[in-house]
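Labels below follow one simple rule: chain letters A, B, ... track the order of the sequence lines, proteins then strands, and each chain is numbered from 1. Atom set for the values below is all heavy atoms of this structure, side chains included, hydrogens, waters and symmetry mates excluded.
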Amino acid sequence: MENTLQKKSKLADFSPIDFKEELNEEQYAAVTAEPGPALVLAGAGSGKTRTLTYRVAWLISQGVSPGEILLLTFTNKASKEMLKRVEDLTGIETRFFWGGTFHHIGQKTIRFHGESIGLQKNYVIHDQGDSEALLSDVVKSINSKFFKDKANPKARLIHEIISYARNTRQTIRDVINIRYYWLDNLKEDITQFAKSYQEEKLKRQVTDYDDLLHHWLEILKTNSEVATYYQNRFKHILVDEYQDTNKIQSDIIDFLGINNQVMAVGDDAQCIYTWRGASFENIMTFSDRHPKTVMHKIETNYRSTPEILQFANRVLATQPIGTGFNKELKSIRPSGSLPYVVPVMDGRKQAEFVIKRVEGLINEGYRMSDIAILYRAHYHALDMQVELSRLSIPFVITSGVKFFEQAHVRDLVAHLRFAANIKDITVFKRLVCLLPKIGDVTAGRLYSLAEKFGDKNNKTIIQSLSNESVVAKVPAEAKEDWIDLSYTLQDLELAINGPSKPKKELSLFDDDTAEEKVTKIHTPDEVVKIAIDGWYGDYMRNVYVNWESRRDDLDSIVGFASGFEDMNELLAQLILLNSESSDRGANQNADAIRMTTIHQAKGLEYPIVFIIGMAEGLFPLKRSIDNDDVEEERRLFYVAVTRAKDELYICYPMINTQNGPSIRMGPSQFLEILPDDSYEILNVRQTTNW
DNA sequence: GGGCCTACCTTTTTT
DNA sequence: AGGTAGGCCC
């Protein structure tokens, strides 16, 4: 009770919010809804995030404490945006809420309660690459010749199948029957691989992304005390982008929301993650699973001109009948120009057009940061990037090479991860394979050797690495590096865990509490610094021509780490935030053109939007057409279109020069199907003087 | 057998 | 720019 009052007084420092004044009627109804299950259908640009954040503020104003609210989102970007706006609005720091992506909250729950399913607090998360590497090892250990047969799928595809099965909670047999029928003869093998893979991960104390959801649900289901705690603790569960939840995510929400406290917010027309198991069935059947659900529709669009909205509505109207909830966005803005469709010769000409038009827009008074260039796939933006760089036009690209996926960043993080969890042989291999003459096989052998030596002599694996008996088996050319690396790892192990605890049970006479005081456990940023100053810092100088800029990247991780108190939390974030893009070309906050994939632009808005590569085969992608996934691409197009506030340009190259011989292309079927008066065609040759 | 080097290809989207 | 198959060397 006192606690609640304190939080309220904090809010009181802020000017009180006049909910009625600041929201429209539709929004107000959703924001102030009575407790109970609610489904908020909020169309694009209708103030979905606004509604969500005001809902939080409303709940706080009603005496709910931040700790009783769970905020779930789908992507890091959405989560960051939402938490920031909640903080701006309520003045309450975001750390008082449980908020973040599903994976983030799952990770946290497992960190607290993982023992019951066999995971220690120091378990480590594997990213895509690690997961595939481990799976590949598992497959080889079961059938050493499996990958020798070129007809067999690669680890990547097998992982994709296993992942899809888990996210949709289907058996691997079913998934293969439906989506991978050509692998029919491998059903049993892959099922076996999946089982062993699962066991191996547990043994190694690692999880992949999917485990973060799976173990989370598992803990809730098998541990009624924990389940009851969270079910009662979270008085309000708010789920953003509900249309993009997959089966396991909706199961988690349903389970946590047993007391009818879920408010799901979403837009079925913007479901664009079915390839990851998202199912807009979830949103369509929400009220069946949550009886007495109150539905709120928010359809007033504040973002776009009537012309752009009409275009968007027409795109939706071309969906097959009965695909989603009926909705029609209503604009309140004054009329603007029709969307422009711009045929261009090729990627180069497309870039030229965009740049020329950008110059015009700047003269009209727009800022660079008002302009976004959206595309279906990273590689569609290649020409664009080249031209912008050539003319030194500032741009921020939130796609392509991801910061945390670059080799040197992963290498550095591998040090920390291995020191934190020495059972993780996958990450060990990644590290020592950097040394000359050490490959996958030798790395595995050396690991076993150190493990055995450690067991016998009551030392950790890392302590054993520099022992003569192990070093003796290291290839001559690698010895020097090996020893340096060992010392660095030993420093890290000490810095992370403090003085070594003997691996076996403590003897009765050990006074480990006294020991703890001798060496302090370092903060995460200090640990990162140790890693950079260790073996790797020297190594990278010899390997990378541009080692200085890479070194800067690593140094920036020290800064990132200083925001963390707990090493495990830092490591989890380093993996889960891997979509955090590097700010190449310009600073994130700089006045620069934004370039992103449509997926990453979801939830964002820009005065001016260029959609490039709007040709049949590029958007929808040929592959989607082949796989019968065109409807999802259409929703994606809808998302792209509804990002625009004032002006929308849709360009399509007529010749594809990407790989090999030039191929003629036509406009996207999504354009062809629209009535002619939905847009205006711009003939580039006649419009050279904007 | 194991590792290295070169040429090729990768991916559609994210955690 | 990073990962990988195929050919070659130890």
Given B:dG2, C:dG3, B:dT14, which nucleotide is nearest the side-chain atoms of A:V441? B:dG2

Taking only side-chain N and O atoms of A:N76, does any of them lie within less than 4.0 angstrom of OP1 or OP2 on B:dT14? no

Should the ring pair A:F428 and A:W482 be called parallel, tilted or perpendicular, given that the plane angle runs from 0 to 90° and is split at 30 and 60? perpendicular

Side chain of A:K437 only, heavy atoms from C-beta on: which candidate in B:dC4, B:dT15, C:dG2 is closest? B:dC4

Among C:dG3, B:dT13, B:dT15, the one nearest A:W275 by side-chain distance: B:dT13

Proximity to the side chain of A:T75 - top-ranked nucleotide from B:dT15, B:dT13, B:dG2: B:dT15

Among B:dT15, C:dG3, B:dG2, find the nucleotide with the atom closest to the side chain of A:R410. C:dG3

DNA chain C: A:R550 or A:K154, which has the more 5' nearest nucleotide? A:R550

Rounded to whole Å, please give me the gap between CZ in A:F74 and P in B:dT13. 15 Å

I want to check one thing: is the phosphate of B:dT15, taken as OP1 and OP2, less than 4.0 Å away from some side-chain N or O of A:S163? no

List every contact pair, protein side and nucleotides 6-8 of chain C side both N or O, where the distance is under 3.5 Å.
residue: C:dG6; atom: OP1; partner: A:K150; partner atom: NZ; Å: 3.2

If the cut-off is 4.0 Å, is A:H103 near the phosphate of B:dT14, judged by side-chain N/O to OP1 or OP2? no

Would one find a side-chain N or O of A:Q128 under 4.0 angstrom from OP1 or OP2 of B:dT15? no

Pair A:H113 + A:Y230: ring centers closer than 6.0 Å: yes

What contact category does A:P475 fall into here, base, sugar-phosphate, or nothing, at under 4.0 angstrom with non-hydrogen atoms? nothing

Within the structure, does a side-chain N or O atom of A:R445 lie under 4.0 Å from either OP1 or OP2 of B:dG2? yes

Here's one to test your reading of the geometry: is the NZ or CZ of A:K201 within 45 degrees of the ring axis of A:Y197 and under 6.0 Å from its centre? yes

Without decimals, in angstroms, what is the distance between A:L72 CG and B:dT15 C1'? 14 Å

Side chain to side chain, A:Y638 and A:D267, heavy atoms closer than 4.5 Å: yes

Are the aromatic rings of A:H599 and A:Y273 close, with centres under 6.0 Å apart? yes

Heavy-atom side-chain proximity of A:W216 to A:I105 below 4.5 angstrom: yes

Which nucleotide sits closest to the side chain of A:A407: C:dG2, B:dT13, B:dT11? C:dG2

Test: A:R550 cationic atom under 6.0 Å from A:Y544 six-membered ring centre, within 45° of axis: yes

Counting only side-chain heavy atoms from C-beta out, which of B:dT10, B:dG2, B:dT15 sits nearest to A:Y209? B:dT15

